[in-house]
Amino acid sequence: MTNQEKIKELLGSHFGYTSFREGQEEAILAALSGEDTLVMLPTGTGKSICYQLTGYCLKGIVLIVSPLLSLMQDQVEQLKMFGEKRVAAINSLMDIKEKEWVLNHLNQYKFIFLSPEMLQQPLLLERFKQLEIGLMAIDEAHCISQWGMDFRLDYLELGTIRKTLNYPLTMALTATATETVRQEILDSLLLDKDKTKQIVYSVDRPNIAFSVVACRRNKEKKLLEKIEQLKKPGIIYFSSKKKADEVTAWLKVETPFAVESYHSDIEGDDKIKIQQQFIQNDIDIICATSAFGMGINKENIRFVIHYHLPASMEAYLQEVGRCGRDGRPSIAILLYEPGDQFLQMRLHEDGLPTPAMLNYAYRNGTVFDGSCSTIQQEIIENYLSSKTPLEEAKAQIMSRELQKKRQLDYMVQYAETTSCKRTHILYYFDETRIEKPLNCCSNCGLDESVYSADQDEFLRNKATTFLNWKKTLNELFLLEN
DNA sequence: CGGCGCGTGTATATACACGCGCCGGTGCCATATT
């Protein structure tokens with residue numbers, strides 16, 4: 001039996017599917033032929049099948065590096081649902097006994113999920129070294145580039161980890177990466193460009209229309225208009241937790257919809273609850289920061305609105321890519337007002353060490369901890385302990401700052417361009433628009449009624465809004481008395 | 001950025017003008033504390 005026949009059969013027997021989606025088969029076959037792979041498939045097209053099926057065909061354990069605990073748990077659950085028992089996530093949610101047991105019985109497992117931070121533990125690495133590793137998968141590999149330099153530094157250690165594990169067969173997976181970012185991923189993982197098979201598909205999602213709404217001190221009004229009009233469910237993204245909370249409270253009063261906010265301050269249990277309610281259609285609208293969404297598999301999200309300007313086109317496409325997974329018409333709206341970039345610039349400000357901080361640290365061999373943020377300290381300590389020359393450290397930081405600035409500039413250009421928004425997005429990913437969907441973008445002309453709740457529903461909403469208002473007023477009145 | 005809230009100061013005892021500062025995202029893990 002050829003590999004091709006074999007994986008087709010396993011697709012049915014393990015996952016119950018009859019055919020592959022675009023790119024999956026190609027990725028698996030490349031990996032099975034012994035090539036390291038970088039797999040870039042559009043958001044929501046089943047990247048996990050790629051490493052899972054590859055794993056089933058190979059001898060040895062599959063290590064999956066995953067960025068989030070919730071993502072690991074989802075994947076573990078999913079595999080168990082398909083009947084796989086030899087699967088575990090090693091993380092801080094595990095109690096010590098449980099962890100010990102898994103580590104002592106690793107050869108009974110097929111799939112192990114872990115974070116890059118967990119992989120830094122010497123004991124753990126020692127165990128994995130003694131194991132036959134069939135495949136090492138890096139899920140959401142864009143995190144290397146997005147987070148490695150100034151948020152989760154352990155993402156940059158994955159190359160060293162690969163080396164320690166004697167360069168196991170590797171598959172890196174992502175939905176959004178430019179040519180430059182793909183190269184960054186390869187370099188960071190110590191993957192040879194010429195020996196790594198890149199399976200790259202278009203980032204374009206033709207069923208998503210792009211719209212930019214120019215605002216002038218009236219974002220809230222414009223937002224309300226859109227919320228009342230659009231088909232639900234949907235996500236509104238903010239770059240501020242406070243603003244997300246405010247708008248949530250406000251929309252609860254102003255509209256009849258079920259609205260919840262989601263960001264890093266929400267307690268763990270509530271986070272899970274909100275996610276589940278959203279997935280079960282009990283919540284119409286989520287007001288979220290960038291904390292929300294990775295690994296959200298919900299088919300029927302109809303819109304993604306950005307109240308603030310995202311930091312980069314990669315981030316924007318990741319967030320926008322969460323709508324329309326069912327292939328039905330969906331819309332991505334950016335509310336833009338000139339000057340919006342300053343919030344992002346402010347967010348970046350304390351992220352990287354300044355030259356003065358570096359000078360001090362290199363002169364004294366220790367971090368000046370008076371005015372450094374935690375992450376700045378961490379970055380400096382990293383440079384000191386790796387004995388990176390001062391000038392090189394400075395150069396790296398400068399180039400990261402420049403990169404962030406360019407990314408933001410491109411978002412401003414996107415917001416302001418009077419030509420096709422879709423073309424502009426694709427250009428960033430070195431693609432040209434091949435076909436123009438009927439509803440392309442706000443500059444090509446959009447039939448907004450496609451995304452509107454039907455007239456009946458609209459009127460019903462209006463009526464309920466009114467009733468809600470009366471109810472709220474009554475309650476307030478009663479409180480007053 | 002630029003708007004807003006706050007405290008201070010000024011011409012006159014309440015109101016208004018002015019300047020200043022503020023505004024802020026993403027998660028692992030380990031360890032200490034309820």
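Throughout, protein chains are lettered first and strands after them, A, B, ... in sequence-line order, and every chain is numbered starting at 1. These numbers come from the heavy atoms of this one structure, side chains and all, not from hydrogens, waters or symmetry mates. Owing to the predicted nature of the structure, the values given are computational and were not obtained by experimental measurement.
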Main chain of A:G293, side chain of A:R322: is a donor-acceptor contact present, judged purely on distance under 3.5 Å? yes
Backbone of A:Y414 reached by a side-chain donor or acceptor of A:K421 within 3.5 Å: yes
Just wondering, do A:W147 and B:dT26 stack (centres under 5.5 Å, planes under 30°)? no
What nucleotide among [options] has an atom nearest to a side-chain atom of [X]?
X	options	result
A:T289	B:dG25, B:dC1, B:dC28	B:dG25
A:L343	B:dC29, B:dG27, B:dG24	B:dG24
A:K99	B:dA30, B:dC28, B:dG25	B:dA30
A:R346	B:dC1, B:dC29, B:dG25	B:dC1

Tell me the interatomic distance from [X], atom [atom1], to [N], atom [atom2], rounded to whole angstroms.
X	N	atom1	atom2	value
A:D265	B:dG24	CG	P	11 Å
A:F292	B:dT26	CZ	C1'	15 Å
A:K219	B:dG2	NZ	P	14 Å
A:Q376	B:dG24	CD	P	18 Å
A:I90	B:dA30	CD1	P	12 Å
A:L93	B:dA30	CG	P	11 Å
A:K404	B:dG25	NZ	P	14 Å
A:H308	B:dC1	NE2	C1'	13 Å

Is [X] close enough to [N] that one of its side-chain N or O atoms is under 4.0 Å from OP1 or OP2 there?
X	N	value
A:K242	B:dG25	no
A:S239	B:dG24	no
A:S240	B:dC23	no
A:S264	B:dT26	yes
A:S290	B:dT26	no

On a whole-Å scale, what distance lies between the [atom1] atoms belonging to [N] and [M]?
N	M	atom1	value
B:dG7	B:dC28	P	39 Å
B:dT12	B:dA17	P	14 Å
B:dA11	B:dA15	C1'	10 Å
B:dC22	B:dC1	C1'	13 Å
B:dG27	B:dC23	C1'	24 Å
B:dC18	B:dG24	P	28 Å

Distance from A:K163 atom NZ to A:Y167 atom OH, nearest 0.5 Å? 5.0 Å
Should we say atom CG of A:D269 is surrounded by more than 12 heavy atoms from elsewhere, each under 6.0 Å from it? no
Sole candidate of A:H308, A:H306, A:K219 that passes side chain to side chain donor-acceptor pair (under 3.5 Å) when paired with A:D340: A:K219
State, without any angle test, whether [X] and [Y] hold a side-chain donor-acceptor pair at a distance under 3.5 Å.
X	Y	answer
A:N281	A:K298	yes
A:S373	A:Q376	yes
A:Q24	A:R21	no
A:T174	A:H142	yes

Across the strands shown, which category fits [X] at heavy-atom distances under 4.0 angstrom: base, sugar-phosphate, nothing?
X	value
A:H348	nothing
A:D154	nothing
A:M345	nothing
A:P338	nothing

Kindly express the pairing pattern of DNA chain B in dot-bracket notation, using | wherever a base pairs with another strand and counting only Watson-Crick or G-U pairs under 3.5 Å. .(((((((((....)))))))))...........
If you find the nucleotide of DNA chain B closest to A:F342 and the one closest to A:S92, which residue's nucleotide is nearer the 5' end? A:F342
